[in-house]
Amino acid sequence: MVRTRFAPSPTGFMHLGNLRSALYTFLFARHNGGRFILRIEDTDLGRYVEGAVDVIYRTLKSVGMNWDEGPDVGGDFGPYVQSERKGLYLPYAKELIKKRKAYYCFCTEEELSGRREAAAARGETFKYDKHCLHLPEEEVQRRLDAGMPYVIRQNVPEHGEASFDDLIYGHIAVDCADLDDMILIKADGMPTYNFANVIDDHTMGITHVMRGNEYLSSTPKYNLLYDAFGWEKPTYIHMTPIMRDATHKLSKRDGDAYFEDYVGKGYLKEAIINYVALLGWNPGDEREFFTMDELIEAFSIEGMSKSPAIFDVNKLTWMNAEYIRRLSTEQFTEYAMPYYQQAGIGTEHADVLARILQPRTEVFTQIPDMVDFLAKLPDYDAELFTNKKSKTNSEVAGNVLDMAIPALKALPAWEEQAIHDTLLGLAEQNGLKNGTILWPVRIALAGKQVTPGGAIEIAVLLGREESLRRLNLGREKLQ
RNA sequence: GGUCCCGUGGUCAAGCGGUUAAGACACCGCCCUUUCACGGCGGUAACAGGAGUUCGAGUCUCCUCGGGAUCACCA
């Protein structure tokens with residue numbers, strides 16, 4: 001049975017890189033009929049951010065990534081919050097000490113950083129010299145009894161090779177001589193991430209460890225720990241980061257690294273997930289649009305790439321526009337409603353609004369700017385009436401409006417079909433291009449050169465009274 | 001700096017020793033058209049460089065270059 005886990009630290013909003021890692025981890029479990037576990041890694045109390053756990057829950061749920069075990073839903077391997085597992089780690093560390101695979105260390109942070117700086121000044125790489133490993137047992141006990149603060153360090157062999165096999169990177173090996181004796185238990189009694197991770201993954205029965213590839217070089221060290229305990233090692237799958245450009249990761253500083261940023265900017269959650277899924281993974285065929293269920297069905301490790309992918313808002317935006325176009329009129333209207341209200345326009349003709357806006361909306365936040373002219377006629381210049389392709393200029397436009405205004409005014413009902421027939425009839429009767437009639441009418445109605453929809457839709461949206469008022473205003477501009 | 005990883009168009013990315021080196025986004029042009037979009041058709045554009053292995057190399061090996069990660073009592 002495949003068991004994977006997503007193990008975020010509660011330090012703020014949901015970063016897109018983390019979201020994608022969670023997604024792949026989730027997809028891999030589901031594709032293989034396995035279980036997806038949520039674990040909160042909060043061993044660093046100093047970085048804890050209030051409410052961050054809720055953000056994680058909310059985000060994952062809102063995109064349909066439901067977990068089978070976790071802090072809120074429980075499970076057989078709890079607790080699922082590391083700080084609540086605090087008591088669990090020390091015994092394991094002591095077991096390692098007994099096996100001489102770890103040792104107490106009384107060196108203080110200050111003297112260590114002093115030595116580190118000195119080494120750096122000499123241009124050398126600092127490595128802990130195992131000083132405390134050689135302390136006599138009685139001395140260690142004496143210091144412990146005296147209540148001296150201590151940490152517990154891993155005792156990495158001085159020689160030999162540490163290695164592991166990654167499902168996407170293959171065999172990774174490092175010389176033990178290059179490895180430092182990392183701290184397992186901190187002076188405050190909490191385990192370091194490095195240690196807690198190994199203990200938790202093992203005790204929670206995680207079969208496939210999926211995580212960012214910043215852990216690629218420390219994983220051999222973790223495997224030394226598994227060996228020391230005599231535990232079966234998990235399968236490793238290291239994932240690439242999402243980049244802002246060739247040399248920088250997408251980061252908080254860019255202000256656009258968070259899932260919620262994009263939701264707030266008018267992107268659909270489904271589109272974000274779909275786009276992000278394709279950044280670093282491909283299904284092996286030409287498909288680009290996936291529901292969550294389709295992703296589960298199609299996902300495989302073979303499709304994951306080894307090199308980082310640069311985030312392209314451009315393509316996300318295109319994909320979002322595609323998702324918007326596939327919405328039903330009702331769904332579109334529901335998403336658009338807050339933006340209609342923001343623009344202060346009437347929504348009694350929501351169907352017409354959807355018809356003209358849906359093919360033009362890439363991101364919902366674009367809507368107010370597209371429709372604001374409906375709420376208030378902009379100040380505009382009579383120059384706008386001149387358009388070469390439509391064969392209009394101020395003189396032609398004046399004549400057109402002179403014909404259009406009474407014709408429209410005479411309409412018994414202000415209905416789209418009737419307006420359409422009237423205006424196009426005018427063109428035909430006078431042997432003019434449709435555009436020659438429609439251009440001036442649209443300009444007078446909208447007061448701007450580019451509008452979503454044409455003269456007829458705009459007239460419907462404006463209603464009889466306002467339409468005629470604007471047409472007359474336009475006519476006056478042409479005196 | 002040591003160690004590890006990565007390197008196909010501007011971006012995502014197919015390719016797993018033999019292809020005219022796919023496809024998508026973006027960009028450009030044309031068509032459609034009631035402006036702008038949508039839609040349709042077409043176009044520009046890539047194997048980081050150098051050696052080797054091989055009848056044949058984007059695909060295998062080595063070196064160089066470029067980029068990233070890591071070297072914390074952070075995760």
Side-chain angles (χ1 to χ4, degrees), chain A residues 7-9 11 41-44 46-47 82 105 107-109 112-113 116 120 123-127 149-153 166 169-170 172-175 177-180 182-188 190-194 196-197 211-220 238 240-241 243 245-249 275 278-282 284-286 288 302-303 305-319 321 325 356-362 370 384 387 389-390 420 423-424 427 433-439 441-443 446 448-458:
Chain A
S9 297
T11 55
E41 307 216 329
D42 58 348
T43 55
D44 183 12
R47 288 198 353 182
Q82 276 183 340
C105 175
C107 299
T108 66
E109 241 179 306
L112 251 25
S113 61
R116 222 185 304 275
E124 292 169 14
T125 305
F126 175 78
K127 200 181 143 189
Y150 67 86
V151 301
I152 296 177
R153 284 182 184 274
D166 187 273
Y169 288 98
I172 309 278
V174 299
D175 193 335
D178 294 326
L179 267 22
D180 200 8
M182 65 178 178
I183 290 174
L184 270 18
I185 302 287
K186 301 184 263 188
D188 65 0
M190 287 293 261
T192 55
Y193 163 84
N194 301 305
N197 214 255
R211 52 156 72 125
N213 71 3
E214 64 264 31
Y215 299 109
L216 211 48
S217 40
S218 36
T219 300
H238 285 92
T240 58
M243 310 292 283
D245 56 45
T247 57
H248 305 273
K249 276 196 210 186
Y275 172 67
L278 258 20
L279 259 189
W281 171 80
N282 81 83
D285 56 39
E286 301 285 84
E288 284 200 291
E302 292 72 54
S305 85
K306 306 170 106 162
S307 49
I310 297 173
F311 185 84
D312 183 7
V313 203
N314 219 357
K315 184 145 187 180
L316 199 218
T317 302
W318 163 78
M319 183 162 272
R325 281 175 218 130
I356 66 171
L357 257 15
Q358 206 165 344
R360 284 167 249 255
T361 305
E362 297 177 298
M370 287 196 280
L384 285 187
N387 179 269
K389 213 175 150 218
S390 298
H420 173 274
L423 259 18
L424 266 61
K433 290 179 66 165
N434 289 343
T436 308
I437 297 291
L438 294 165
W439 179 280
V441 171
R442 190 177 60 84
I443 294 301
K448 62 194 281 197
Q449 182 157 358
V450 174
T451 58
I456 297 156
E457 289 95 343
I458 294 170

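If you're wondering where the values come from, they're calculated on a predicted model, not measured in any experiment. Below, chains carry the letters A, B, ... as their sequence lines are ordered, and counting in each starts from 1.
Picking from B:A13, B:U34, B:U3 the nucleotide with the shortest atom distance to the side chain of A:Ala455 gives B:U34. Among the nucleotides B:A75, B:C12, B:C73, the one closest to any side-chain atom of A:Asn194 is B:A75. Residue A:Arg360 places its side chain closer to B:A37 than to any other of B:A75, B:A37, B:A14. For A:Ala309, taking side-chain heavy atoms from C-beta onward, the closest of the listed nucleotides B:A13, B:C36, B:C74 is B:A13.
When side chains are defined from C-beta on, A:Asn213 counts as touching A:Pro241, because their heavy atoms get closer than 4.5 Å. A:Met182 has its side chain out of reach of A:Thr192: every pair of non-hydrogen atoms, C-beta onward, lies at least 4.5 Å apart. Side chains of A:Asn194 and A:Ile183 form no contact here, defined as non-hydrogen atoms less than 4.5 Å apart. Two residues are said to be in side-chain contact when any heavy atoms from C-beta on lie closer than 4.5 Å; A:Leu112 and A:Glu109 fail this criterion.
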Legend entry - Footprint string (nucleotides 63-72 of chain B, 5' to 3'): B base within contact, S backbone only, - free, heavy atoms under 4.0 Å: ----SSSS-S

Legend entry - Base-contact (B) and sugar-phosphate-only (S) positions in nucleotides 19-33 of chain B, heavy-atom cut-off under 4.0 Å, - elsewhere: ---BSBSS------B

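Rounded to whole Å, the separation between the P atoms of B:G42 and B:U53 comes to 44 Å. A gap of 22 Å separates the P atoms of B:C6 and B:G10, to the nearest Å. Using P as the reference atom, B:C62 and B:A72 are 30 Å apart when rounded to the nearest Å. Between B:C16 and B:U11, the two C1' atoms lie 24 Å apart (nearest whole Å). The same atom, C1', is picked in B:C30 and in B:G23; the two are 22 Å apart, to the nearest Å. Going from the P atom of B:C36 to that of B:G29 covers 13 Å, rounded to whole Å. Nucleotides B:A21 and B:G43 are separated by 16 Å at their P atoms, to the nearest Å. Across B:G15 and B:C55, the matching P atoms stand 27 Å from one another, rounded to whole Å.
No contact: A:Ala196 has no heavy atom under 4.0 Å from any strand. Residue A:Gly280 is classed as a sugar-phosphate contact, given heavy-atom separations below 4.0 Å to backbone atoms only. A:Thr361 comes within 4.0 angstrom of nothing in the nucleic acid, heavy atoms only. Within 4.0 Å (heavy atoms only), A:Val151 reaches at least one base atom of the nucleic acid. Note on A:Cys107: a base of the nucleic acid sits closer than 4.0 angstrom, heavy atoms only. When heavy atoms are screened at a 4.0 angstrom cut-off, A:Gln449 is found touching base atoms of the nucleic acid.
Legend: residues meeting side-chain hydrogen bond (donor to acceptor under 3.5 Å, both in side chains) with A:Arg211, ordered by chain and number and at least two apart, are A:Asn197, A:Thr219, A:His238. Applying the side-chain hydrogen bond (donor to acceptor under 3.5 Å, both in side chains) test to A:Arg153 and every residue at least two apart in sequence or in another chain returns nothing. For A:Asn434, there are no side-chain hydrogen bond (donor to acceptor under 3.5 Å, both in side chains) partners, not counting sequence neighbours. Shown here are the side-chain hydrogen bond (donor to acceptor under 3.5 Å, both in side chains) partners of A:Tyr215, two or more places apart in sequence or in another chain: there are none. Checked against ring pair (Phe, Tyr, Trp, His ring centres under 6.0 Å), A:Trp439 has no partners two or more places apart in sequence or in another chain. Listed by chain and number, the residues in a salt bridge (Lys or Arg N to Asp or Glu O under 4.0 Å) with A:Asp285 are A:Arg287 (sequence neighbours excluded). Applying the salt bridge (Lys or Arg N to Asp or Glu O under 4.0 Å) criterion to A:Arg325, with sequence neighbours excluded, gives A:Glu322. Scored by the ring pair (Phe, Tyr, Trp, His ring centres under 6.0 Å) test, A:Phe311 finds A:Tyr262, A:Tyr275 as partners (sequence neighbours excluded).
Pair assignment for B:G29 gives B:C41, based on Watson-Crick or G-U wobble hydrogen-bonding distances that are each under 3.5 Å. Across the strands present, B:G23 finds its partner in B:C12; the criterion is a Watson-Crick or G-U wobble pair with both atom distances under 3.5 angstrom. Across every strand in view, B:U53 sits unpaired, with no contact that passes the Watson-Crick or G-U test at under 3.5 angstrom. Remark: B:U34 base-pairs with no nucleotide in the shown strands. Criterion, Watson-Crick or G-U wobble with two distances under 3.5 Å. Checking B:G1 for Watson-Crick or G-U wobble geometry (two distances, each under 3.5 Å) identifies B:C71 as its partner. The base-pairing partner of B:A48, taking Watson-Crick or G-U wobble contacts with both distances under 3.5 Å, is B:U64. Shown here, B:G58 forms no base pair; nothing in the strands shown gives a Watson-Crick or G-U wobble contact with both key distances under 3.5 Å.
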Using atom names, set out every protein N or O paired with an N or O of nucleotides 57-60 of chain B below 3.5 Å, distance rounded to 0.1 Å.
none

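Within the 4.0 Å cut-off from OP1 or OP2 of B:A13, at least one side-chain nitrogen or oxygen of A:Ser305 is found.
Judged by distance alone, with hydrogens and angles left aside, A:Arg442 brings a side-chain donor or acceptor within reach of the base of B:U35, the pair sitting under 3.5 Å.
Rounded to whole Å, the distance from CG on A:Asp245 to P on B:U11 is 11 Å. Regarding A:Glu457, its CD atom lies at a distance of 8 Å from the C1' atom of B:U34, rounded to whole Å. Put simply, CG on A:Leu278 is 12 Å from P on B:C12, counting in whole angstrom units. For the pair A:Ile437 CD1 and B:U35 C1', the interatomic distance rounds to 16 Å; values are reported in whole Å. Between A:Met190 atom CE and B:A75 atom C1' there is a gap of 12 Å when expressed in whole angstrom units. Distance NZ (A:Lys448) to P (B:U34): 21 Å, rounded to an integer number of Å. Atom CD1 in A:Ile185 sits about 16 Å away from atom C1' in B:C74, given to the nearest Å. Distance, A:Leu184 CG to B:A75 P: 12 Å, rounded to whole Å.
Residue pairs meeting the side chain to side chain donor-acceptor pair (under 3.5 Å) criterion with at least one member in residues 307-318 of chain A, sequence neighbours excluded: A:Tyr267-A:Thr317, A:Glu288-A:Lys315.
Separating the CG atom in A:Leu316 from the CG atom in A:Leu278 is a distance of 11.0 Å, to the nearest 0.5 Å.
The minimum heavy-atom distance between A:Met370 and A:Lys448, with the atom names listed, is O-NZ, 4.4 Å.
In terms of position along RNA chain B, the nucleotide closest to A:Arg325 lies nearer the 5' end than the nucleotide closest to the other residue of the pair A:Pro8 and A:Arg325.
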